[in-house]
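None of these values were measured; they are calculated from a predicted model. Sequential numbering from 1 along the given sequence is applied to the chain's residues.
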Amino acid sequence: QVQLVESGGGLVQAGGSLRLSCAASGSIFSIGYMNWYRQAPGEQRELVAGITSGGNTNYADSVKGRFTISRDNAKNTVYLQMNSLKPDDTSVYYCNAVVRPLSVTNYYHYWGQGTQVTVSS
């Protein structure tokens with residue numbers, strides 16, 4: 001069973017920083033894309049940042065220049081460094097990964113449980 005667990009959310013003041021982590025565990029053969037999404041109440045889920053297995057990255061325009069996604073393949077972990085946080089960044093942040101479990105040839109999408117990020121004015 002593959003599991004993604006996020007951590008690092010919390011309450012910060014505008015202009016502050018947070019570092020989110022998402023660790024994948026279980027019987028894993030390999031991990032392809034790893035992404036961060038966010039969803040605020042009443043809003044649609046939004047892709048914040050993504051990173052390929054080779055380290056290529058992409059960002060939503062709203063976070064470009066402020067957020068940095070990275071991964072540690074040895075730890076099966078993806079990070080999101082969030083700087084210059086704004087109240088509009090307040091949301092639940094979800095980790096997503098495309099994972100190939102052991103003994104199969106297919107890749108599957110997995111989601112974490114989400115971690116709350118709240119940015120005060």
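Looking at every heavy atom in both residues, Asn106 comes nearest to Pro101 through O-CD, 3.7 Å. Of all non-hydrogen atoms in His109 and Val98, the two that sit nearest each other are NE2-CG2, 3.4 Å.
Residues meeting the side chain to side chain contact (heavy atoms under 4.5 Å, CB included) test with Ser25, sequence neighbours left out: Gln3. Partners of Ser17 by side-chain hydrogen bond (donor to acceptor under 3.5 Å, both in side chains), not counting sequence neighbours, listed by chain and number: Asn83. Here Asn58 pairs with Leu47 under the side chain to side chain contact (heavy atoms under 4.5 Å, CB included) rule; sequence neighbours left out. In this structure Ser7 satisfies the side chain to side chain contact (heavy atoms under 4.5 Å, CB included) test together with Ser21, sequence neighbours excluded.
As a member of the Ile/Leu/Val/Met/Phe/Trp/Tyr network built from side-chain separations under 4.5 Å, Leu11 groups with nothing else and remains a singleton.
For residues 46-89, no residue pair satisfies the ring-ring contact (aromatic ring centres under 6.0 Å, His included) rule, not counting sequence neighbours. Annotation: salt bridge (charged side-chain N to carboxylate O under 4.0 Å, His left out) contacts involving residues 68-78, sequence neighbours excluded, are absent. Listed by first then second residue, pairs satisfying salt bridge (charged side-chain N to carboxylate O under 4.0 Å, His left out) with a partner in residues 77-88 number zero, not counting sequence neighbours. Within the structure, salt bridge (charged side-chain N to carboxylate O under 4.0 Å, His left out) pairs that include any residue of residues 51-63 comprise Asp61-Lys64 (at least two apart or interchain). For residues 21-71, the set of pairs meeting the disulfide (SG to SG under 2.5 Å) definition, not counting sequence neighbours, comprises Cys22-Cys95.
In terms of hydrophobic clustering, with Ile, Leu, Val, Met, Phe, Trp and Tyr side chains grouped at heavy-atom distances under 4.5 Å, Tyr94 and Leu80 are assigned to different clusters.
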Side-chain atoms of residues 110-121: list all donor-acceptor pairs with protein atoms under 3.5 Å, sequence neighbours left out, distances to 0.1 Å.
from   : atom 1 : to     : atom 2 : distance (Å)
Gln113 : NE2    : Glu6   : O      : 3.3
Gln113 : NE2    : Glu6   : OE1    : 3.3
Thr115 : OG1    : Gly9   : N      : 3.3
Gln116 : NE2    : Ser91  : O      : 3.4
Gln116 : NE2    : Thr118 : OG1    : 3.3
Ser120 : OG     : Val12  : O      : 3.4

What donor-acceptor contacts under 3.5 angstrom involve side-chain atoms of residues 26-45, with partners at least two apart or in another chain?
from  : atom 1 : to     : atom 2 : distance (Å)
Ser30 : OG     : Tyr107 : OH     : 2.7
Asn35 : ND2    : Asn96  : OD1    : 2.9
Arg38 : NE     : Glu46  : OE1    : 3.0
Arg38 : NH1    : Asp89  : OD1    : 3.0
Arg38 : NH1    : Tyr93  : OH     : 2.9
Arg38 : NH2    : Ser62  : OG     : 3.3
Gln39 : OE1    : Arg45  : NE     : 3.3
Gln39 : OE1    : Arg45  : NH2    : 3.2
Gln39 : NE2    : Glu43  : O      : 3.2

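Residue Arg100 holds its CZ atom at 6.0 Å from OG1 of Thr105, rounded to the nearest 0.5 Å. Between Asn56 atom CG and Ile69 atom CD1 the span is 11.5 Å, to the nearest 0.5 Å.
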